[in-house]
Number of protein chains: 2
Amino acid sequence: MSIDRRSHTPVYRQLANLIREGIYSGQYAAGAPLPSELALSQEYGVGRDAVRQALALLRTEGLVSTERGERSRVRPAPERVPVELPPGGRAIARMPADPERAEHGLDEGVPVIELHHLDGAIDVHPADRTELIRPT
Amino acid sequence: MSIDRRSHTPVYRQLANLIREGIYSGQYAAGAPLPSELALSQEYGVGRDAVRQALALLRTEGLVSTERGERSRVRPAPERVPVELPPGGRAIARMPADPERAEHGLDEGVPVIELHHLDGAIDVHPADRTELIRPT
DNA sequence: ATTAATTTGTACGTATGTATG
DNA sequence: TCATACATACGTACAAATTAA
């Protein structure tokens, strides 16, 4: 698979699609590093900007995490902790603002779940580690 | 408020913070257009790249939406539809991959809620229009 | 209805800073 | 110390969509 310059789909989205498929197919295993930006740039014959846009897109999807100085890695799915939605409780999911994300130490592309209790109390849970449940 | 070039906080994050506060404070009302990228670039004395990175960050937070040819707008919060988490049901929240996002017509920065029923069926709901509830 | 101006999107380049190995 | 790698920030140019004239 390669990049089609004649396609209407932007280069960086085509590249993101290729990498995403590589993740889904297991070509890139969970926790494994992707090729460096330079390597991807050369391998697919695109600018570094296109590579960075593709990786940024995958980060917002929670598929990839990047740390400065290291190659991007396939973000492993953490264990989910069951959290009970109590009677009369309500829950919503939203993306955290950047300062809130830093405060909770969340990866990019990870939503938060707000759990609203009957008494008005609100808990905030990282969505990647949370599974809302209701007992039978 | 303005940009501090000596700060260790990147220019684009400082700018994103300023715009975000402008949204929270009501200076930019829901649905209202933000200044154009050029206007922001000139007003704060930063490059267009920094402006675009700031807006991209706010989009991933679901605070702003942008369409080509139009100025970015403060994303209005849609009505939430109550969805019952049934007995024995489970729910998780995650970001949709780009093709899935396009398929469902979701804005950037909007998670999806996966509702897993006891019989194995899975519903997918847009998180910005969904409120999970459990009756008392 | 056409044209022009505005605005965002994509893609490239260069340079420098900062963190890792 | 040195090389590698990602982050930031500026620039240019052109494409594509909308808005205004």
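Letters A, B, ... are given to chains in the order of the sequence lines, protein chains preceding strands, and every chain is numbered from 1.
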### Query
Could you state the interatomic distance from CD1 (B:Ile92) to CG (A:Leu132), rounded to the nearest 0.5 Å?
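It is 10.0 Å, given to the nearest 0.5 Å.
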d([atom1], [X]; [atom2], [N]) in whole Å:
X       : N      : atom1 : atom2 : answer
A:Arg6  : D:dA15 : CZ    : P     : 18 Å
A:Arg68 : C:dG17 : CZ    : P     : 12 Å
B:Asp49 : C:dT14 : CG    : C1'   : 13 Å
B:Tyr44 : D:dA9  : OH    : P     : 16 Å
B:Leu34 : C:dT6  : CG    : P     : 20 Å
B:Gln42 : C:dT7  : CD    : C1'   : 13 Å
B:His8  : D:dA9  : NE2   : C1'   : 18 Å
A:Leu15 : C:dT10 : CG    : P     : 13 Å

Please determine if a side-chain N or O atom of [X] lies less than 4.0 Å away from the OP1 or OP2 oxygen of [N].
X       : N      : result
A:Arg5  : C:dC12 : yes
B:Arg52 : C:dG9  : yes
B:Tyr12 : D:dT8  : yes

#### Entry: Exercise: do A:Thr66 and A:Arg59 side chains pair donor with acceptor under 3.5 Å
yes
### Query
In terms of side-chain heavy atoms of A:Ser36, which of C:dA11, D:dC6, D:dC10 is nearest?
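Selected nucleotide (nearest to the side chain): D:dC6.
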### Query
Between the main-chain N or O of B:Glu21 and the side-chain N or O of B:Ser25, is there a donor-acceptor pair closer than 3.5 Å?
yes
### Task
Mind checking A:Arg71 for me? I need base, sugar-phosphate or nothing, with any heavy atom below 4.0 Å counting as a touch.
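Here A:Arg71 touches the backbone only, sparing every base.
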### Task
Measure distances between side-chain N and O atoms of A:Arg13 and base N and O atoms of C:dG9, and say whether any donor-acceptor pair falls under 3.5 Å.
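No, no donor-acceptor pair under 3.5 Å.
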### Task
Report yes if a donor N or O on one partner sits less than 3.5 Å from an acceptor N or O on the other, where the partners are the side chain of A:Arg48 and the base of D:dA7; otherwise report no.
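Such a pair exists between side chain and base.
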### Task
Using heavy atoms to find the nearest nucleotide of DNA chain C for A:Gln53 and A:Glu70 separately, return the residue whose nucleotide is more 5′.
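Whichever sits nearer the 5' end wins; that is A:Gln53.
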### Query
Less than 4.0 Å between a side-chain N and a carboxylate O, is that true for A:Arg80 and A:Asp128?
no
### Query
Any ion pair linking A:Arg90 and A:Glu114 (charged N to carboxylate O, less than 4.0 Å)?
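The answer is no: the pair does not qualify as a salt bridge.
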